[in-house]
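Following: one structure in structure tokens, then a few remarks.
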Amino acid sequence: LGSARRLLRAEYAEVLLLSLHADGPPIRSVSADDNHLLVDTDDRRTPGDELALRIAGSGRAALIGRRRESHPLDNVLASRNLDDAIVGALRGDDGPFGLLIVGDRVGDVTTFGDADVDLFETFAGHASVLLENGRLESSLAKVTELKDELKHQAYHDTLTGLLNRFHFVESLAERLKDGEPHNRIAVLYIDLDGFKSI
């Protein structure tokens, strides 16, 4: 966000990421002046944000200059106290997954122009790739964690947490597979009557 502000000489930058789950709240990060709100879930997803995502996701980023006639995204700017802004979608392989908003061009006279939109879209493309990769890494980490948990459950008794019979059979098979002549294996079997009822 700091890079977006410096690049476009803006006083405000925001990223709004849609939740990976349909009913989950979006995640909002804001950088304005010296204040930064980093990665906070936000239940305040407004119809204006929905409209902004639809408009920005349909094509080129929306340029909303200072001296303008009314614009469909005026309420999005008003809710953030912005005089002007560029609003664009962050796109992944499955379509738009968030918004990038850069607003309040530094200086009282100047406003954003078409060259700024080109620069914004290049920046948004790079940010999209980085954020999409971050989401993929997060999803892969969850899958790996689940895989490890399932493996643990497969090889351990749920009551005691000790290694189970399945682990024993696999370990024994591995040892027997080595097949070295001097490698001797012994199995000691102990039976406790009525253990299950205990």
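Model, not experiment: these values are computed from the prediction.
- Residues passing the side-chain hydrogen bond (donor to acceptor under 3.5 Å, both in side chains) test with D83: none are found, sequence neighbours excluded.
- Counting heavy atoms from C-beta on, the side chains of L119 and L8 come closer than 4.5 Å.
- Electrostatic pairing of E14 and R28 counts as a salt bridge here, judged by a charged N lying under 4.0 Å from a carboxylate O.
- Remark: D116 engages R105 in a salt bridge, criterion side-chain N to carboxylate O under 4.0 Å.
- Checked against side-chain contact (heavy atoms from CB on, under 4.5 Å), D191 has the following partners two or more places apart in sequence or in another chain: Y189, D193.
- What you find for L90 and L99 is that their closest heavy atoms are CD1-O, 3.8 Å.
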Pair up each side-chain donor or acceptor in residues 149-156 with any protein partner under 3.5 Å, not counting sequence neighbours, and list the distances.
| residue | atom | partner | partner atom | Å |
| --- | --- | --- | --- | --- |
| Y155 | OH | E170 | OE1 | 2.5 |
| Y155 | OH | E170 | OE2 | 3.1 |
| H156 | ND1 | H152 | O | 2.9 |

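- Rounding to the nearest 0.5 Å places OG of S171 at 7.5 Å from CG of L163.
- Follow the hydrophobic side-chain contacts under 4.5 Å out from V169 and you never reach L162; the two are in separate clusters.
- For D74, the salt bridge (Lys or Arg N to Asp or Glu O under 4.0 Å) partners are R68, not counting sequence neighbours.
- The closest side-chain heavy-atom distance from R91 to F97 is not below 4.5 Å.
- Heavy atoms only, all atoms of each residue included: F112 and A10 are closest at CZ-CB, 4.0 Å.
- Minimum interatomic distance between A85 and I101 (heavy atoms only, all atoms of both residues): CB-CG2, 4.4 Å.
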Working for side-chain contact (heavy atoms from CB on, under 4.5 Å), residues Y12 and R5: CA-CA 6 Å; Y12 180 93; R5 286 178 57 200; 5.8 Å; no
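- We find the CG-CZ distance between L82 and R66 to be 10.0 Å, quoted to the nearest 0.5 Å.
- When every heavy atom of S128 is checked against every heavy atom of A89, the shortest pair comes out as OG-O, 4.5 Å.
- Between the T110 side chain and the G107 main chain, no donor and acceptor come within less than 3.5 Å of each other.
- Closest approach of L100 to F120, counting heavy atoms only: O-CZ, 3.3 Å.
- Counting only residues at least two apart or on different chains, the salt bridge (Lys or Arg N to Asp or Glu O under 4.0 Å) pairs with a member in residues 117-130 are R60-D118, R60-E121.
- Summarising the geometry of V76 relative to S79, their closest heavy-atom pair is O-OG, 2.8 Å, with the distance given to 0.1 Å.
- With sequence neighbours excluded, the residues forming a side-chain hydrogen bond (donor to acceptor under 3.5 Å, both in side chains) with T111 are D84, listed by chain and number.
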